[in-house]
Amino acid sequence: MSNVWNRISSKYVKNGVYLDNKGHAYIKGNRGLTFSWDAYEASKLFLATQESYGKLQWVWTEDTIFGTGETGIFLIRNVRNVDRPELSGVLILQMNSYLMEEAMKKADASEQLFYYIFDGEGQLCYEKGWEKGDEEKQQEQIKRIAEVLDFSKKSEIEVNPVQGGILFSCYEPGFGLTVVTEVPDNVIYEMTRLVNLTLLLIAAVMFLIAAAASLGMAYHFTKPISEISQTMEHFDGSSFDDKIKINTRTELDTIGSSYNSMLSRMEQLVLKVKEKEREVWSLELDSLYYQLNPHFLYNTLDNIYMMARIAKQKEIMNMIHALSRLLKISLNKGDGMLTVEEELEHVASYLEIQKMRFGDKFRYQVKCEEDVKNYQTMKLLLQPIVENSVKYGFAGMQSEGVIFISAGLQEGRICFSVYNNGKSIEKEKQHQLNHLKQMAPDGLKESLVTEKGGFGIYNIVTRMRMKYGEAFDIVYSVPEGGGTLCTLYLPLISPKKAV
Amino acid sequence: MLKLILVDDEWIILKGLETTYDWGSMGCEVAGTATSAEAALELIKEKQPDVVITDIQMQEMSGLALLEKGKQIKEDLQFIIMSAYRDFEYARIACERGAFSYLLKPIEEEKLEQVMGELQKKISKETALQKEHENWRQLLLEENIGLSGILLQKKNRQLKHIASPAEF
């Protein structure tokens, strides 16, 4: 028998005994332990054997049979001989707590869970997880667990809540023990923490998406609304082109298009009003012109002339007469062309007046060759040239000024010459004026027209350009003896039939 | 002396015309002045002038109308038209209607003298012609001169009263 016992490791088995049906107790180890039959028959162990035929039973109880007094796991089994009905013997093993520890080792390494092993009566066999020093708490918790669980229920796996955690209990039918794993709340929460975080994250993302979506939606509406209000605000009454351009496929479009059409109507109205104003202005201008009607002017001048004549005021008569002649030529409506004779008459009238005004500062002479008299020339070309003579040529001179104007034919062109015996033209100015034809039309105005004047020459050169193109010439020169000579060459246009 | 009527609706012009031009030296005498064409017509009827100098543009009746009506009253009435501006169209029409000449305002002495001189010539020519015409008429109608007598005159290019064929 001891051979058998030697084969069983002492690591797991503390004590063991085989009881045969003759009443012998074969104890392992033979360390002087005595087997108490009475204790055995009174114990839970005996009870357990009664319930099974030959199955191995795990019993948690106090050792009364080996005399250790320790509470632990006992394995007990009826040994049977299949040939015989009566019991052959009983094998009892008192297990080491090492067994439990070994078993527990396989449990979750996490130190947060609590592990219990209860026997069928709810007695705690083993626990793992509680710290030393928390005995009171432990007892309380075990009490709670015992309240919650039913250790005699022969179910497989149960999950029950308990204060502070969740109990996973598993009844091992083979062992008659219930293994309970208590997962404290914080562990659960720990597990759910990740889930919570993920959920939170998802919620956050959803929230962001929702926010973005709603903002987007709102923007979809606020943008056109703000555009509408901006456009309306922007309108300052001057530009009617700032239309609302939105396309939302909602009623806002109606607002937009209504505004636009209102704007168009306003523009129309404004245009109408402007036109009416223009009409009024034009009529005013007409009435103004009517006042300045040449006929009115001429008749008035004639009356003044006659008054002067009646009063025997020769100078007044002369001046009025000259002015009258001047105006009749310059205000003459027509195609802007005169005969050479008429143009000379015009400039002579001008000179007559100037002479009277400036007290014989100068005298003048106008000559016209017969053969050129009836040719057509552009009107009002000579007067600006002559004006410059008086302004610049005679500047500083008080008397002895001479202006000589002549017209003739030269090399198949009409030739006008205006000579004054005053200050000779400066070389720079002469050069500028002689190269006017080469200048671009835009540059012409800029270079000629200064604060001092120069508009006259700009005027005639531009007009000649428009009428004659390149076929004219204007030449400034300084003749021997000083002074300034200006010569105009104009192309011939066939004479009009004089009445 | 030519009898003259001056017509202009502007009184200053009229007064000036009347008083400041030496009509006498031009062989004219101002018989009357008028400030309207109607008044002018009355004057024409009354004074039977030789010449009417009138402005062309007046209220109501224009100078041209005056020309027409005036000639109706006195056939050989001469007209000189005055105008403030060159308007050849008017001048042409006026001359078509029988005006003698056209003067631009303000009237210059030389021009006026020139025109009046020509007018004088014309009128004297006409008077002379008229007189000759009258003599011929008398010769033909009133005195009993035979055809031979007239033929003789034609040969001599003279208008002579021949008392009898014997003279011839």
Side-chain angles (χ1 to χ4, degrees), chain A residues 290 292-346 348-349 352-353 373-374 376 379-380 495-499, chain B residues 6-23 25-26 30 33-36 53-60 62-64 80-97 99-113 115:
Chain A
Y290 186 70
L292 297 176
N293 181 5
H295 297 179
F296 173 77
L297 261 176
Y298 302 148
N299 286 330
T300 312
L301 288 170
D302 286 340
N303 271 273
I304 299 173
Y305 175 82
M306 241 1 145
M307 283 193 250
R309 198 181 166 97
I310 292 169
K312 295 195 180 16
Q313 292 292 332
K314 204 110 198 133
E315 281 141 355
I316 301 177
M317 280 167 62
N318 287 344
M319 205 175 243
I320 289 292
H321 198 176
L323 182 63
S324 198
R325 284 199 321 268
L326 183 98
L327 286 174
K328 280 172 192 179
I329 295 176
S330 37
L331 294 181
N332 169 33
K333 273 197 200 150
D335 56 354
M337 302 298 276
L338 299 171
T339 63
V340 168
E341 191 173 15
E342 283 165 339
E343 173 71 11
L344 287 173
E345 209 185 301
H346 174 266
S349 305
E352 188 61 37
I353 296 171
K373 266 200 176 135
N374 290 316
Q376 293 280 296
K379 72 196 251 187
L380 313 178
K496 224 191 220 172
K497 274 238 167 81
V499 175
Chain B
L6 299 170
V7 188
D8 197 312
D9 60 344
E10 292 179 73
W11 72 273
I12 296 171
I13 310 282
L14 200 57
K15 181 169 171 199
L17 272 176
E18 191 187 355
T19 57
T20 63
Y21 291 88
D22 193 355
W23 297 108
S25 71
M26 292 187 263
V30 179
T33 61
T35 52
S36 71
I53 303 183
T54 175
D55 185 34
I56 204 162
Q57 247 142 0
M58 295 185 282
Q59 268 84 341
E60 301 192 23
S62 74
L64 289 177
I80 295 175
I81 311 288
M82 295 188 291
S83 180
Y85 39 85
R86 301 155 195 270
D87 198 328
F88 292 117
E89 196 56 33
Y90 252 130
R92 191 178 62 82
I93 298 172
C95 290
E96 265 176 27
R97 306 267 177 94
F100 175 73
S101 188
Y102 190 96
L103 281 173
L104 290 171
K105 289 201 221 179
I107 313 281
E108 293 166 53
E109 261 105 345
E110 299 89 31
K111 289 249 161 62
L112 185 60
E113 278 167 16
V115 167

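Lettering of chains follows the sequences in order, A, B, ..., and the numbering in each one begins at 1.
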**OP:** Compare every heavy atom of Lys328(A) with every heavy atom of Pro106(B), then report the nearest pair and how far apart it is.
**Re:** CD-NZ, 4.2 Å
**OP:** Return yes when atom NZ of Lys15(B) has more than 12 non-hydrogen atoms of other residues, nucleotides or ligands closer than 6.0 Å, and no otherwise.
**Re:** no
**OP:** Would you name the heavy atoms of Ile13(B) and Met306(A) that are closest together and state the gap between them?
**Re:** CA-CG, 3.5 Å
Original post:
Got a sec, which pairs hit ring pair (Phe, Tyr, Trp, His ring centres under 6.0 Å) with one end in residues 301-330 of chain A, sequence neighbours left out?
Top reply: Tyr305(A)-His321(A)
Original post:
Is it the backbone or the side chain of Leu17(B) that comes under 4.5 Å from a heavy atom of chain A, or both, or neither?
Top reply: both
Subject >> Glu315(A) CD: over 12 foreign heavy atoms closer than 6.0 Å >> reply: no
**OP:** Measure the CD1-CG distance between Ile12(B) and Asp302(A) for me, rounded to the nearest 0.5 Å.
**Re:** 11.0 Å
Original post:
To the nearest 0.5 Å, what is the distance between NZ (Lys105(B)) and CG (Leu301(A))?
Top reply: 12.0 Å
Subject >> Spacing of CE belonging to Met317(A) relative to OG1 belonging to Thr20(B), to within rounding of 0.5 Å >> reply: 7.0 Å
**OP:** With sequence neighbours excluded, tell me which residues meet salt bridge (Lys or Arg N to Asp or Glu O under 4.0 Å) with Glu109(B).
**Re:** Arg309(A)
Original post:
How far does CD of Glu18(B) sit from CD1 of Ile310(A), to the nearest 0.5 angstrom?
Top reply: 9.5 Å
